[in-house]
K.L.:
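Structure below; questions to follow.
Values in this document were obtained by computation on a predicted structure and should not be read as measured data. Keep in mind that the numbers below use all heavy atoms, side chains included, and drop hydrogens, waters and symmetry copies.
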Amino acid sequence: MYITQGLHRSLQQHPDALAVRGPSGDRTFAELAGRVARLASALAALGLRPGDRVGIITANSPEFVETFLACCWGGFTAAPVNTRWSLAEMAYQMNDADISVLVADPDHLPRARELREACPVLRRLIATGPQADGFGDYEKFLAGSGPAPDVRASGDALVAILYTGGTTGEPKGVMISAGQLITSATGTLATAGTPQAHRFLHTSPLYHLASLAGVVQQVILGSSHFILGDFETEAVATAIERERITSTTLVPVMIQRLVAHARRTGADLSSLRLIGYGASPISESVLKDTLDLLPGVDLCQRYGMTELGPVATVLTPGDHRDAGHPHLLRSVGRAALHAEIRVVDPGDRDVPAGEVGEIIVRGGNMMLGYWKKPEATKEALRGGWMHTGDLGYVDSDGYVYVVDRLKDMIVSGGENVYSAEVEQVLGRHPDVDACAVIGVPDPEWGERVHAVVVPSRGAELTGEEIREFCARSIARYKAPRTVDFAEELPRSAVGKILKRTLRERYRG
């Protein structure tokens, strides 16, 4: 297979059907294919050669999708930019990846100008909105170009470089091939048993691979893409009701907010047939609320990381409805059809079922490596396995349970405490809306277990109440020694709790 194969199939089978709807308008499949082919031609006319990098600094939009697909069509490498990064982080990416062409939307033109000043490698800026001084006009580029032939990117063709955060040093560019994206997408669909076209809503940032891989998956299926910006509960509910959305991908906290909003306002979410999610397991209470409101919806959890294209395991819709085994909701599912999972000790020796170790993965979804970082690549892929940095265990039926990140494990008084275990217990408290557990410096214990809790609306909680609630389910040394209460937790653009931000607060 190749990345644009689904686009060609849709062009043949239903050229006049809606392909993309977003802030800048609609595209049929015929229009989308034509624009992608002409954009690939326009990029080549700028002097780009196969493999050259094209930066994308835009909000979610049809133009983002077109630019990514044009890179795959023309043989270039897409390099999406995290719009939340600082100028210094963005400039590092520009220079490290030798990005010579940058596509920007109107909201990001000022930052694009700053990057042009800071990055000599940038030769050309293209604006997707009204033409700006010093920028090429995206629509004029399209109008003045004939269609380029599709190179049909497949196999080891480098189609994207996605930069990870630099919390432990410089950001790393994860090299993703066409084959890895296709393997992850098709393997996930086959494992979940959900291979049908959808009216799919994109609301998480497309510069994250979890979202960009969703574009690839829906192109393969021939789905219609509906594109929103950052997640806003009311906007998402309105879009689902207005557009009769059948599928989307969220994180559990987004699902919780969406269901609560629908109960409060009467928003009609009945068109939904499939909700994919990741970043964390779903709680039994959120699952029950969701299925009570939407009895016809399937839920599917995917676990993985950018380096894995991105999916490694799947908790299927059937697993979510297995009333006889509710503990499965605490797992991230079993290895997807395209992946192999092991749990190992520090010497990369397999540990017995039920024993905690590092989760490692291999398969056709595994990254090519880190851009210009051979030593980091060698360390991450030692022995031919991607070392995830996640701690977990596998049960006797092959279900994987993630208990913590290696860097998030708390060592308190010589005992290992897994923050995810404490968070699972806290999440069962009826008056806890959200929580995060971290280790903070302690002169007596080295680290102490500290919880940051967001109470439910109107609830009044105390630290002692939280501690005693936890101590009824887990060893007392694992229960939070200290508790702070907050109105909200710091989260990434895709809704994942930013524990590093919390740790920085408490370490001054």
K.L.:
Check this for me, if you would: do Arg334 and Asp395 make a salt bridge, where the nitrogen-to-carboxylate-oxygen distance has to be below 4.0 angstrom?
P.N.:
no
K.L.:
Does a side-chain heavy-atom distance below 4.5 Å link Pro455 with Phe485?
P.N.:
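Answer yes - side chains close enough.
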K.L.:
For a quick check under 3.5 Å, do His450 and Asp442 share a side-chain donor-acceptor pair by atom type?
P.N.:
no
K.L.:
How about Thr246 and His198: do any of their side-chain heavy atoms sit closer than 4.5 Å?
P.N.:
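Yes. Closest side-chain heavy atoms under 4.5 Å.
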K.L.:
Is there a side-chain contact between Ile359 and Ile341 in this structure, where contact means two heavy atoms from C-beta onward sitting under 4.5 Å apart?
P.N.:
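The answer is yes, as the side chains (C-beta and beyond) meet within the 4.5 Å cut-off.
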K.L.:
Can you tell whether the side chains of Arg476 and Glu468 come within less than 4.0 Å, N to carboxylate O?
P.N.:
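Yes, charged N to carboxylate O under 4.0 Å.
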K.L.:
Classify the side-chain pair Thr482/Arg448 by whether it contains a donor and acceptor separated by less than 3.5 Å.
P.N.:
yes
K.L.:
Taking the six-membered ring for Trp, are His8 and Tyr2 parallel (under 30°), tilted (30 to 60°) or perpendicular (over 60°)?
P.N.:
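Taking Tyr2 first and then His8, their aromatic rings stand perpendicular (interplane angle over 60°).
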K.L.:
Does any pair with a residue in residues 272-301 pass ring-ring contact (aromatic ring centres under 6.0 Å, His included), and if so which ones, sequence neighbours excluded?
P.N.:
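Listed once each, the pairs are Tyr277-His320.
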K.L.:
Run through Leu272, Leu274, Leu201, Thr194 and flag the one making a side-chain contact (heavy atoms from CB on, under 4.5 Å) with Ser247.
P.N.:
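The residue from Leu272, Leu274, Leu201, Thr194 that satisfies side-chain contact (heavy atoms from CB on, under 4.5 Å) with Ser247 turns out to be Leu274.
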K.L.:
Would you check if Asp268 and Arg244 make a side-chain contact, meaning some heavy-atom pair closer than 4.5 Å?
P.N.:
yes
K.L.:
For the pair His202 and His225, name the ring-plane relationship: parallel under 30°, tilted 30 to 60°, perpendicular over 60°.
P.N.:
parallel
K.L.:
Once side-chain hydrogen bond (donor to acceptor under 3.5 Å, both in side chains) is applied, what residue pairs with a partner in residues 302-311 remain, sequence neighbours excluded?
P.N.:
Thr249-Arg302, Tyr303-Asp390, Glu307-Tyr370
K.L.:
Is it true that atom CD of Glu232 has more than 12 heavy atoms of other residues, nucleotides or ligands lying nearer than 6.0 Å?
P.N.:
no
K.L.:
Around atom CD of Glu465, are there more than 12 heavy atoms from other residues, nucleotides or ligands closer than 6.0 Å?
P.N.:
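Count over threshold, so yes.
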K.L.:
Is the side chain of Asp289 donor-acceptor paired with the backbone N or O of Val286 at a distance under 3.5 Å, no angle test?
P.N.:
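It does not hold such a pair.
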K.L.:
Is the closest side-chain heavy-atom distance between Val452 and Arg505 below 4.5 Å?
P.N.:
no
K.L.:
Do Thr248 and Phe226 make a side-chain contact, defined as non-hydrogen atoms from C-beta onward lying under 4.5 Å apart?
P.N.:
no
K.L.:
Are Arg457 and Asp433 within salt-bridge range, i.e. N to O under 4.0 Å?
P.N.:
no
K.L.:
Would you mind reporting whether Arg257 and Val236 have side-chain heavy atoms less than 4.5 Å apart?
P.N.:
no
K.L.:
Hey, are Gln93 and Asn82 close enough side-chain-wise for a donor-acceptor pair under 3.5 Å?
P.N.:
no
K.L.:
State, with a plain yes or no, whether a side-chain heavy atom of Gln180 is found less than 4.5 Å away from one of Met366.
P.N.:
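Of all side-chain heavy-atom pairs linking Met366 with Gln180, none is under 4.5 Å.
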